[in-house]
Structure formats: structure tokens, C-alpha cells
Protein chains: 2
Amino acid sequence: METKPEPLRPDMFADPDCSAGLQPFRFGDKWSGMVMRCLEDGRRRFSELRVALHRVTPKVLTETLRAMERDGFVKRTSYDENPPRVEYELTALGRSALQPMNAACDWARTHRPELVAARDADPEHGRG
Amino acid sequence: METKPEPLRPDMFADPDCSAGLQPFRFGDKWSGMVMRCLEDGRRRFSELRVALHRVTPKVLTETLRAMERDGFVKRTSYDENPPRVEYELTALGRSALQPMNAACDWARTHRPELVAARDADPEHGRG
DNA sequence: CTGCATCCGATCCGATACTG
DNA sequence: CAGTATCGGATCGGATGCAG
């Protein structure tokens, strides 16, 4: 995980299966799961994450990354250059958490028809 | 899952491993994961859930159960008696979701020492 | 017993503006 | 580039009281 991976596609969360939309599992707060996905192929810069994560504001992204760092999922490396450069990567603990996360995503993919059917059967058809 | 199971112990969520405390995975909202655990051995009445779920208020428990019902995880059965009796049980979809949920709980149990160590290493030692 | 109505504090999260 | 500071809306969830 030390080499530079492929750039993140800005539409990488267009697929609703593993986004925060339908599936009932969440990894931490709203963005943490997507940050995990962004980092699973290697280290990323702050700006790379911003564009992949649907224009999340820097405040919220910073909060998310700080929380993940505090919990031991992410390691932050700051290079003392100008302009500044900061890179984030998953720790061993963070990478190990990809396993149950994938189990949850696989489950959501498999059962998506039933999930959609349950929502459609409800008159309100949305949370609220 | 049609027979009456053992009564729920009020301390069934004293173990922090699978509660909403340390682990970064959440199943839906605050109480849904614990409701899943309460229902995994069979049908339960509203009041049974209330005591097992640490005195959750009826408003919040109702909201939780309605959401799970709408999403197809729980089936609600109301018996037209006096005093009223209502029972909740997992659907086939809900039972299938126990698998990824157990994967997440197993992961949290396995990695608890690292999770605790990460928190202890942080000066703030708490979210915020 | 099983809720519903109302109020309210806490938290989340986005918008905007500014800084080294 | 990588944040910080401030504001405010939206949602969550708990307390209390009432109803069928």
C-alpha cells in the first residue's frame, strides 16, 4: 500500500448499493464508509477525497478523518512542503475492517430487490 | 420461530462488544441493532423490548420498529384483545441480515484491544 | 399494554468565509 | 493545498403527559 494507486473517479459513489442510501448498515458517521472505499487502494490526498466524496465540505471531511484517525483506522502523514501536502492511508486495523464492511455490502447487493420491494409497499415510501 | 423463546434478560446489553459503544458499525439508527438481537430467538412483545433495551422511551421504540417494519426486517402482529397485545418478529430478510451483523460483531470482538488502544492513545479520549 | 402528542436539548452536517 | 471559524437548518432521540 505504499505506491500511488489509480486516481479516484468522481462518480465512484454513483452506485447506490454501497452508498449511504438504501442499505441499513452504516460505518460510523455519514462519510466514513466512503472514506474507507477511497483509501482501500492506497494513500490519498485531502483534495482527492474531497472530489470523490461528492463535494463534501472541508470541515466535515476533516472531522471525519480526525475521528477515523483517533479510532485507529487511518494514518495521517503531513509533508512539510509548500504548497502543503497531506496524505491519508488505512492502518492495518482499517484494512481489516474492510472484511465485515464487504460482507455488509454483499448482503445489500444480494437483497436489494427485497429492500426495494419493502419500500415500495409502504405508502409513505420514505423515512419520515 | 413460532414458539415462545426464553425471556430477555434485562442486562443483555451489558456486554459492550455488540452494543453501540465502541464498534464503528451501526445497523440503521441507534436501537435497530439491539432490536435485531432481541428478536433473533423469536417473537417478542413491545414491553419485553422496552425493558431489554435499557428503558428506551416508547416513542423512540415505536419509531424504530416502524422503520424496521417499513424496510421489511420486522413483522408486526396485533392481537385484538384487552389489554392489547402486539408481537414483533424478524422476517426472512431480517434474519438474513443477522449474518453480516454477526460478521461485524465478530470483527469488533477480535479487534477490541486495538480499538481500546487507539482511544487511549488519543489525548481527548472521546469523540468531540 | 401499546402506543401518540408535544416539547426540547444534543448532534449532525452543510454553507460560507477566511488563513498559513 | 489543507485546513479553521462561524453560523444555521435538519434530524435524532429523550422527557413528559395523555389515550384507546
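Naming: A, B, ... by sequence-line order, numbering from 1 per chain.
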Q: Select from B:Glu87 and A:Trp31 the residue whose nearest nucleotide in DNA chain C is closer to the 5' end of that strand.
A: B:Glu87
Q: Taking only the side-chain heavy atoms of B:Arg50 (C-beta and beyond), determine which of C:dG14, C:dT2, D:dT4 contains the nearest atom.
A: C:dT2
**Q.** Side chain of B:Arg66 (C-beta onward), nearest among C:dG3, C:dG14, C:dT2
**A.** C:dG3
Q.
Looking only at the side chain of A:Arg26 (C-beta and beyond, no hydrogens), which of the listed nucleotides C:dG3, C:dC13, C:dC1 gets closest?
A. C:dC13
Q: Supply the atom-to-atom distance A:Leu39 CG to A:Glu48 CD, rounded to the nearest 0.5 angstrom.
A: 9.5 Å
**Q.** 5'-most by nearest nucleotide on DNA chain C - A:Glu63 or B:Pro58
**A.** B:Pro58
(Q) From C-beta outward on A:Ser47, which listed nucleotide comes closest to its side chain: D:dC1, C:dT2, D:dG14? (A) D:dC1
(Q) Nearest to the B:Phe46 side chain among C:dC4, C:dT2, D:dG14, which nucleotide is it? (A) C:dT2
Q | Nearest-angstrom distance from the residue atom CG of A:Asp80 to P of C:dG20 | A | 16 Å
Q. Between B:Tyr88 (OH) and C:dC1 (P), how many Å, whole number?
A. 14 Å
**Q.** Interatomic distance, B:Arg55 CZ vs D:dA15 P [rounded to whole Å]
**A.** 11 Å
(Q) At less than 4.0 Å, is any side-chain N or O atom of B:Thr57 found next to OP1 or OP2 of D:dA15? Yes or no. (A) no
Q.
Check this for me, if you would: do A:Glu87 and A:Arg43 make a salt bridge, where the nitrogen-to-carboxylate-oxygen distance has to be below 4.0 angstrom?
A. yes
Q: Taking the six-membered ring of B:Tyr79 (Phe, Tyr or Trp), confirm whether the NZ or CZ of B:Arg85 is under 6.0 Å from its centre and within 45° of its axis.
A: yes
Q) Which nucleotide in the set D:dG14, C:dC13, C:dG3 lies at the smallest distance from any side-chain heavy atom of B:Lys59? A) D:dG14
Q | Inter-axis angle, terminal five-pair segments of the helix from C:dC1-D:dG20 to C:dG20-D:dC1 [nearest 10°] | A | 40°
Q. Expressed in angstrom and rounded to an integer, what is the separation of B:Arg43 atom CZ from C:dT2 atom P?
A. 14 Å
Q: Look at A:Arg45 and D:dC1 and indicate whether a side-chain polar atom (N or O) is within less than 4.0 Å of OP1 or OP2.
A: no
Q) What integer distance in Å separates B:His54:NE2 from D:dG14:C1'? A) 16 Å
Q.
Can you tell me how the ring of A:Phe27 sits relative to the ring of A:Phe73, calling it parallel under 30°, perpendicular over 60° and tilted otherwise?
A. perpendicular
Q. For B:Leu61 and B:Arg50, what are the C-alpha separation, side-chain angles and deciding distance, and is it a side chain to side chain contact (heavy atoms under 4.5 Å, CB included)?
A. CA-CA 7 Å; B:Leu61 181 55; B:Arg50 274 192 77 179; 3.6 Å; yes
Q: Find the distance between CZ (B:Arg44) and CG (B:Leu65) and round it off to the nearest 0.5 Å.
A: 13.5 Å
Q. Base, sugar-phosphate, or nothing: which does A:Val60 touch, judged by heavy atoms less than 4.0 Å apart?
A. base
Q | Minimum-distance nucleotide to A:Val56 side chain [options: D:dC1, C:dG14, D:dA2] | A | C:dG14
Q: Send over the distance from B:Leu53 CG to C:dT2 P, rounded to a whole Å.
A: 14 Å
